[in-house]
Amino acid sequence: MWNGNQMTPPALHPSVVGLIARGRFGEHSLAPGDAAGLRWHGLAAEAAEQAEAAGTDSSETQALVRAARLDTIRSMAVLSTAGRVSTILRDAGLRVLCYKGPALALQTTGVWSLRGSADADILIPEGAVAAAHEVLIRHGLSRRSGHSGPPSKFLLYRDSECGYSGLPCSVDLHWRIEDSPAYFRLPFSELWTSRKEVV
């Protein structure tokens, strides 16, 4: 939804989110625009599942089901990309963790597709960024910024990620969880020891 020159998310009332969280979204009477709001906020899959289970069959419910299917297809592309990048980097001897997107959905809901995601988020140790960059370039990926070299020391200090394209969805290579380490102080080694492997 465009508002002048700015893109603004469709409105979504907190009570709707509460119904989804409690598994009672089927009790909600869908209004025009609800499907767009739920999709924008990554809740289409959960809402569609609950609406279908309740037997609602309005045009808005059907729009919600279509949005959920598109989200699942996008999640499949993200999952495939995350798996491919993990394999590429692991085969090069680098430690790599997938997080956010499907990994977070699986951990919080038990279902990898229940959280819409637009890109694959990959976390590596900060000292491995240059090596990971070279490996990704050798496998046909390129930096979205158009630069051909690895992230600079200034970028490593200022930011927490670098974007790459060349696979079904974009890849965000992270060396920190947040731009400011003060917000998330856990070192990679600690995250690595608590990792879980998912097949």
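Fair warning: this is a prediction, and the values are worked out from it, not measured in the lab.
To the nearest 0.5 Å, atom CZ of residue Arg39 and atom CG of residue Leu70 are 5.0 Å apart. To the nearest 0.5 angstrom, Leu89 atom CG is 10.0 Å from Arg84 atom CZ. For the atom pair CD of Glu161 and CD1 of Ile177, the computed distance is 10.5 Å after rounding to the nearest 0.5 Å. Atom OG1 of residue Thr81 and atom CE of residue Met76 lie 11.5 Å apart, to the nearest 0.5 angstrom. Rounded to the nearest 0.5 Å, atoms CH2 (Trp192) and CG (Leu123) are 10.5 Å apart.
A donor-acceptor pair is defined here as one N or O able to donate and one able to accept, closer than 3.5 Å; such a pair exists between the side chain of Trp175 and the backbone of Asp159. Listed for the Glu60 side chain is a donor-acceptor partner under 3.5 Å among the backbone atoms of Asp34. Side-chain atoms of His41 do not come within 3.5 Å of backbone N or O of Leu43 as any donor-acceptor pair. Remark: side-chain polar atoms of Arg176 are paired, donor with acceptor, to backbone N or O of Tyr157 under 3.5 angstrom. Proximity of a side-chain donor or acceptor of Arg90 to a complementary backbone N or O of Val96 within less than 3.5 Å is not detected.
Both Leu94 and Leu167 are part of a single hydrophobic cluster, where members link through side-chain heavy atoms under 4.5 Å apart. Note on Val17 and Phe25: same hydrophobic cluster, where clusters join Ile, Leu, Val, Met, Phe, Trp and Tyr whose side-chain heavy atoms are under 4.5 Å apart, directly or indirectly. Grouping the Ile, Leu, Val, Met, Phe, Trp and Tyr side chains by contacts below 4.5 angstrom, directly or via other members, places Leu155 with Leu136. Hydrophobic clustering of Ile, Leu, Val, Met, Phe, Trp and Tyr side chains at less than 4.5 Å, counting indirect connections, unites Ile122 with Val129. By the criterion of side-chain heavy atoms lying less than 4.5 angstrom apart, applied directly or through intervening Ile, Leu, Val, Met, Phe, Trp or Tyr residues, Leu64 is grouped together with Val16 in one hydrophobic cluster.
Nearest heavy atoms, Arg24 versus Gln50: N-OE1, 3.3 Å. Between Cys162 and Arg143, the closest heavy-atom pair is SG-NE, 3.3 Å. Nearest heavy-atom pair across Ala44 and Asp71 is CB-OD2, 3.5 Å. Considering every non-hydrogen atom in both Ala132 and Ile124, the closest pair reads CB-CD1, 3.6 Å. A pairwise comparison of heavy atoms in Ile20 and Glu46 identifies CG2-CB, 3.7 Å as the closest pair. When all heavy atoms of Leu156 and Glu126 are compared, the closest pair comes out as O-OE2, 4.1 Å.
Within 6.0 Å of the CZ atom in Arg195, the count of heavy atoms belonging to other residues, nucleotides or ligands exceeds 12.
Using the six-membered ring where Trp is involved, His174 and Tyr99 have ring planes that are perpendicular, over 60° apart on the 30 and 60° scheme.
A donor-acceptor contact closer than 3.5 angstrom links the side chains of Thr61 and Ser58.
Here the side chains of Arg74 and Cys169 are not in contact, with every heavy-atom distance at 4.5 Å or above. At a threshold of 4.5 Å between non-hydrogen side-chain atoms, the residues Arg144 and Ser165 count as touching.
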